[in-house]
There are 2 protein chains.
Amino acid sequence: MSVQFAPVEFEPAYRKVAAALLERITDRTLAAGERLPPELELARQFGVNRSTVREALRELESTGVLRRQRGSKLMMVSRPERHAVADGVSRALALHDVSIRDVWEGLTILEPPTAEAAARHRRPTDLARIEATVARAPDRNAERAARQAAEFFRDVGEATHNRVLMLAHEPLLQLLSPSLRTIIDEVAAARTRIATAQRRILQAIRAGDAAEARLWTEKHIRDFRRGFDLAGIDLARRVDPWSIDRPG
Amino acid sequence: MSVQFAPVEFEPAYRKVAAALLERITDRTLAAGERLPPELELARQFGVNRSTVREALRELESTGVLRRQRGSKLMMVSRPERHAVADGVSRALALHDVSIRDVWEGLTILEPPTAEAAARHRRPTDLARIEATVARAPDRNAERAARQAAEFFRDVGEATHNRVLMLAHEPLLQLLSPSLRTIIDEVAAARTRIATAQRRILQAIRAGDAAEARLWTEKHIRDFRRGFDLAGIDLARRVDPWSIDRPG
DNA sequence: ATAGTCCGATTGTCCGATAATATCACCCTG
DNA sequence: CAGGGTGATATTATCGGACAATCGGACTAT
C-alpha cells in the first residue's frame, strides 16, 4: 500500500448547473430581485436538457437563493429568508438529537449579550416594536403566550441590527417553543414572571442601560430553567421534531 | 370589503412529494442510514412521474437529509452534516450583506462562553484533539495558519459536547476566515499572539478552569479586533462571498 | 482466493408532448 | 385618453418513454 489514490470524482450535470448558477448569484452577477431566464433558455446555454436544469433549480430553490413570487412563472433571484434558513438549521439540530438542555444553554449564552447590544443600538422603531409585543404580554392562551415570548426575543434581536445575532437565535427559539408552551401551560407563575422580565428588559433597552438589559435577560432565561423543572420537563430529552412553518 | 379571501395556495407536486418524504424523515419513520426506495418505486407509490420524484429528491438532497454514499446508486437517509448546514447559513449571511463587524461581534459573544463550557465538559479525547491542533500552531503559510486558527475554535466547540454551540459558530468561522488570513499575512505579531492565546486557553480547559478559559478567549477575540485595525480591514465592509467547500 | 464475465436494477440524461396559465401587446369603449 | 376585455405567445408543470452508464451480485475460470 505504497501509493494511494483519491477516489475519482464525478459530478452529475444537475449539480454542475446548480453550482454555476449559485456562483453567479453569490458573486452578484445575478442580483437579488433579478429574474432568471426561462428554463429552455438556460438549458440551451448550459447545453443540457430542460429536465436537468429543473433539477438544478429545485436545488437552488430549496436553499432559498431562488424563489418565485406568488403566481409568477419566472424564477427570481432572492436572498434566503431568515426563517427559512432557521427552519433548516432547526431541522438539522433536531435530527442530531440535540437536547433541550443544549438549546437552553445556547439561549443562555446568546440572549444576554444580545439584549446588551440591543440597548446600545436600538432605534425608536425598534422600541416601538418591542413595546407592541410586550403590550400583548399575559395571554390566556398558552399557544399565543409562547409565541409572544419568542417574539419578544426576536424583537430584541432586531434591535441589535446585527443579522448574525438575529439569525443565530432563531433556531433556538423555534426548537424551544414546544417546551415553552408546556411551561406556560403547567406553571402558574410563568406568565407574570415572563411579563415582568420583558418589561424590565424593555425598560433597560429603552434607557440604553446595557448592563441592566443583560442582567434581566439572564434572569429571564434562568427562569426558563426553573420552569423546565416545575413543569417536569427532562432537560436531557431531545427536542421535538416539531412542525415547521412552510416557507412562504 | 366585507369578505376577505386568502390567496388560493397551489403547491406543485414535486414540493408535495418532498414534503411527504421530509415528514417521514423528521418523524423517524425513515431512520438515518436507511436506504430510500428506487425512484421508479417512489414514483409508483406517489402516483407521479419519475421526473417529479427526481425534482423532489434534489430538494431534499440539498437540505442534507438525503445523500448517497460515494459511488452508490440508492439514496440514503442521513442527517445534515454540520459543515453543509453552516455553508448554507454563511451564504445566506453573505447575501444579506453582513459586515465583518457583525460577524466579529458574534464571535465575541459566542466564543468565551463556549470555552467556558468546554472547560466544564471536556473529555480526554477532546483535550488530545485540541492539543494536536495547538501543536501545529505557528505556521509559515498564512492560508494554513488561518485554517489552524479556525480549527482551534472548532475543537473547543467540540469539547462542549453541545451541537448547538458547534453549529452556531461554524458560519462565523467560515465568514471570518478570509479576513483572518489577511491579518496573519499583514500583522507580524499575529502568529505568536494567536499561539500564545491558544496555549493559555488549552491550559485552562485542561485544568477545568472555566473563568480562565473565558478570560483568555475574550483576549483572543479582542486581539482579532486589533488585527483588523492593524491590517487595515474596514469593519463595516461586508464579508466576502467566499468560496464554499462543496459538501462531499 | 482473485480476476473475468454476464445480467438485472437503477440512475443520469435526453427527447418529445400536453395542459394550464402568466405575460403582454392590442383593441375596444366610454 | 384611461381603463377594461381579449387573444396570441411564452413558460412552467407534468407526463411517458428511451438509452447509456454503472452498480451489485452471481457465476465461472484461473
Side-chain angles (χ1 to χ4, degrees), chain A residues 1-3 5-22 30 33-78 246-248, chain B residues 5-22 25 30 33-78 246-248:
Chain A
M1 71 143 87
S2 53
V3 281
F5 292 100
V8 45
E9 49 180 277
F10 164 75
E11 242 196 348
Y14 62 78
R15 194 180 298 284
K16 285 191 198 149
V17 170
L21 282 170
L22 186 55
L30 285 167
E34 214 166 318
R35 286 222 284 256
L36 214 60
E39 296 172 354
L40 259 179
E41 172 62 21
L42 289 174
R44 200 162 32 241
Q45 290 190 28
F46 283 112
V48 299
N49 191 274
R50 190 162 80 95
S51 311
T52 306
V53 169
R54 284 180 63 82
E55 292 187 31
L57 293 184
R58 293 298 87 77
E59 206 161 310
L60 298 177
E61 202 179 14
S62 85
T63 70
V65 296
L66 287 186
R67 183 179 325 169
R68 62 174 14 103
Q69 10 205 26
R70 225 204 69 69
S72 171
K73 270 193 191 300
L74 266 54
M75 287 275 206
M76 219 181 69
V77 178
S78 81
R246 293 275 156 272
Chain B
F5 292 102
V8 46
E9 48 181 276
F10 164 74
E11 244 196 346
Y14 62 79
R15 194 179 298 284
K16 284 191 197 146
V17 171
L21 283 170
L22 186 54
I25 293 172
L30 285 166
E34 214 165 317
R35 285 221 285 259
L36 214 60
E39 296 172 352
L40 260 179
E41 172 63 20
L42 289 174
R44 205 163 27 241
Q45 290 190 28
F46 283 112
V48 300
N49 190 275
R50 187 162 79 99
S51 312
T52 305
V53 169
R54 285 180 63 82
E55 293 187 31
L57 293 185
R58 292 299 87 78
E59 205 160 310
L60 298 177
E61 202 179 14
S62 83
T63 71
V65 296
L66 287 186
R67 184 179 326 168
R68 61 174 15 103
Q69 10 206 26
R70 227 209 64 70
S72 172
K73 273 194 187 307
L74 265 56
M75 287 277 206
M76 222 183 66
V77 177
S78 82
R246 292 277 154 272

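Naming convention: chains lettered A, B, ... in sequence-line order (proteins, then strands); numbering from 1 in each chain. All values reported here derive from a predicted model rather than from experimental measurement.
- Residues that satisfy the side chain to side chain donor-acceptor pair (under 3.5 Å) test with B:Ser51, not counting sequence neighbours, are B:Asn49.
- Atom pair A:Met76:CE and D:dT11:P shows a separation of 18 Å (rounding to whole Å applied).
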From CA spacing to verdict: salt bridge (charged side-chain N to carboxylate O under 4.0 Å, His left out), B:Glu39, B:Arg50:
CA-CA 6 Å; B:Glu39 296 172 352; B:Arg50 187 162 79 99; 2.6 Å; yes
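- Between A:Leu66 and A:Val77, the shortest heavy-atom contact is CD2-CA, 3.9 Å.
- The line from OG1 of B:Thr52 to CZ of A:Arg54 is 8.0 Å long, rounded to the nearest 0.5 Å.
- Extent of DNA chain C lying under 4.0 Å from chain A heavy atoms, first and last nucleotide in 5' to 3' order, is C:dG12 to C:dT23.
- With sequence neighbours excluded, no residue forms a side chain to side chain donor-acceptor pair (under 3.5 Å) with A:Arg35.
- With sequence neighbours left out, A:Arg44 forms a side chain to side chain donor-acceptor pair (under 3.5 Å) with A:Glu41.
- Put simply, the side chain of A:Arg68 never gets that close to the backbone of A:Glu61: no donor and acceptor are under 3.5 Å apart.
- Within residues 40-62 of chain A, the residues approaching DNA chain D are A:Arg50, A:Arg54, by heavy-atom distance under 4.0 Å.
- Of the residues near DNA chain C, B:Pro38 and A:Ala13, the one whose nearest nucleotide (by heavy atom distance) lies more toward the 5' end is B:Pro38.
- Here the shortest heavy-atom pairing between B:Leu60 and B:Leu21 reads CD1-CB, 3.5 Å.
- Residues A:Phe46 and A:Ala20 approach most closely at CE2-CB, 3.7 Å, considering heavy atoms.
- The closest donor-acceptor contact from the side chain of A:Ser78 to the backbone of A:Gly64 lies under 3.5 Å.
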With the criterion being N/O to N/O and under 3.5 Å, what pairs connect the protein with nucleotides 20-25 of chain D, and how long is each?
from, atom 1, to, atom 2, distance (Å)
D:dC23, O5', B:Gly71, O, 3.4

